[in-house]
Chemist: 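So that we are looking at the same thing, I have put the structure below in structure tokens.
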Amino acid sequence: MAELNRTVLYDLHVSLKAKMVPFAGYEMPVQYSLGVMKEHLHTRSAAGLFDVSHMGQVILRPKSGDVADAQRALERLVPVSVLGLKEGRQRYALFTNEKGGILDDLMVAHYGDHLMLVVNAATKHDDITHLTTHLSELCSVEPVNDRALVALQGPAAEAALARLVPGVAEMRFMDVAKFDHEGAELWVSRSGYTGEDGFEISVPNDAAQGFAEALIEMEEVAPIGLGARDSLRLEAGLCLYGSDIDTTTTPVEAALEWAIQKVRRTGGARAGGFPGDTRILNDLAEGTARRRVGLLPEGRAPMRAGTLLFDAEDASEPVGEVTSGAFGPSLERPVSMGYVPTPLSDAGTKLWGEVRGKRLPVAVADMPFRPATYKR
Amino acid sequence: MKYTEEHEWLRLEGDTVVVGITEHAAEQLGDLVFVELPDVGTTVAKDDEVVVIESVKAASDILAPIDGEIVEVNEALPENPQLVNEDPTGDGWFFKLKIEDKSVLDEFMDEEAYNAFIE
């Protein structure tokens, strides 16, 4: 196995007694001394600080100097209205392939003269190659290697961050802005991946540890590991790339059609023109054979990724499969998501999941399991 | 108290043995979220899978450390699996086994040997 990378906050994690595990080529904290359950609940009741420096930060800079050229260029790779993204705003997007499958999910932010992309850790090298291959005539593709990325999430996130950076209190959900903090330029977005209000903050490597420590020293902020990050995003109904979405799932199968603005759909001014457009536009018009749904097991046994789903207790063939599942600490019950045939995708539909050879009842449920608390 | 290499503790109470997992095991597993206990009255053989536990990370089995009959289970655990993390050697016990011959406990580690084992 290749040697694992470390983020610039590695020493801080170790000093905070984190349990470190390999994740997407990095040694990352899965939990700290609080443990997954308490870390999850702390994020929902106060504020949690996450190191997400393993994710890819990529600048897309237009060679013409006109950012609209970069926006138009990126639209070739995503079924999303990038041109409709205004300065100071961020939007969720998907890289698709020729078959309509999902290569990655990402955030795109408009910083005036350039775009800033945040992509998944495991896919970042492929994403950069993909961007370079298709866009380098029009844009310079600049991987950002000199910055850490942290997320501060939870109802106390605004108060905590505003103590260091007062301007962030003015931001709304999905706003982005740059701030100076003790001479370091911070790139801040009001977003995250927990269903909570909060921020993601890109901070220069040499300022990252001091910045993270200043937050952790605050009463309401605790460091949170990948374990709680997973249960938080699951309760929020958010997809994990590589589990819930991948190259074999299309955006409509994954119930992500909300990310495809009208202008990119059939009849829109910039309809199609992205990889897999034929399949994806057809999916939008005709529907798909299967859908990603929320699943609530009736008992206490978690139904984890790989659990087969059946439409009857004695059915011989499965109809679907769980792609993510865990105990949801805020809901105090197990929660899952997975793919089922569209006719079985309505909330309330009763299915069975096979756990350790036993068929246990599970109901299709609306997501998010817990309403998001974004500051819109 | 005696200890197994599977990180269980065994405590003799009259002619029954109380079984739980050690603090070290509870810490390694992380927060428990699910416990499935055997039926009282079940006769088990050493190494039978008698309890299913799931932590936030994964599922695992608790094996019967010795032959015997399950005479009591900790009814509080299915509703509150976290008891195992909070008090693994007390309120977090799993089941009680009735045994014929107390000398079967002699083969297991004492506390000193167990501490050396997990070093």
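Computed from a predicted model, the values in this text were never measured in an experiment. A note on names: the letters A, B, ... follow the listed sequences, proteins ahead of strands, and every chain is numbered from 1.
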Chemist: Identify which part of B:Val35 has an atom lying under 4.5 Å from any heavy atom of chain A, answering side chain, backbone, both or neither.
Modeler: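 Contact with chain A: none, neither part.
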Chemist: Classify the ring geometry of B:Tyr114 against B:His24: parallel below 30°, tilted from 30° to 60°, perpendicular beyond 60°.
Modeler: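 Correct class here is perpendicular.
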Chemist: Is it the side chain or the backbone of A:Gln31 that comes within 4.5 Å of chain B heavy atoms, both, or neither?
Modeler: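 Side chain only.
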Chemist: Heavy-atom distance under 4.5 Å to chain A: side chain of B:Ile53, backbone, both or neither?
Modeler: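 For B:Ile53, no heavy atom lies under 4.5 Å from chain A.
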Chemist: Measure from the side-chain N and O atoms of B:Asp67 to the backbone N and O of B:Lys46, and report whether any donor-acceptor pair falls under 3.5 Å.
Modeler: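 Indeed, once roles are kept as given, a pair shorter than 3.5 Å links the two residues.
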Chemist: For B:Glu69 and B:Thr43, test the side chains for any donor-to-acceptor distance below 3.5 angstrom and give the result as yes or no.
Modeler: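 There is no such pair (donor and acceptor under 3.5 Å, judged by atom type) between the side chains of B:Glu69 and B:Thr43.
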Chemist: Heavy-atom pairs under 4.5 Å with chain B: which of A:Arg304, A:His40, A:Met37 has the most?
Modeler: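 Among the listed options, the one with the most contacts to chain B is A:Arg304.
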Chemist: Is it the side chain or the backbone of B:Glu36 that comes within 4.5 Å of chain A heavy atoms, both, or neither?
Modeler: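 For B:Glu36, the side chain is the part near chain A, not the backbone.
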Chemist: Select one option (side chain, backbone, both, neither) describing which atoms of A:Ala301 are under 4.5 Å from chain B's heavy atoms.
Modeler: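 Contact with chain B involves both backbone and side-chain atoms of A:Ala301.
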Chemist: Between A:Asp244 and A:Arg233, is there a salt bridge with N-O shorter than 4.0 Å?
Modeler: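 Looking at A:Arg233 and A:Asp244, the cut-off is met.
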Chemist: Is NZ or CZ of A:Arg359 both nearer than 6.0 Å to the six-membered ring centre of A:Phe310 and within 45° of the ring axis?
Modeler: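 Yes, cation above the ring, under 6.0 Å and within 45°.
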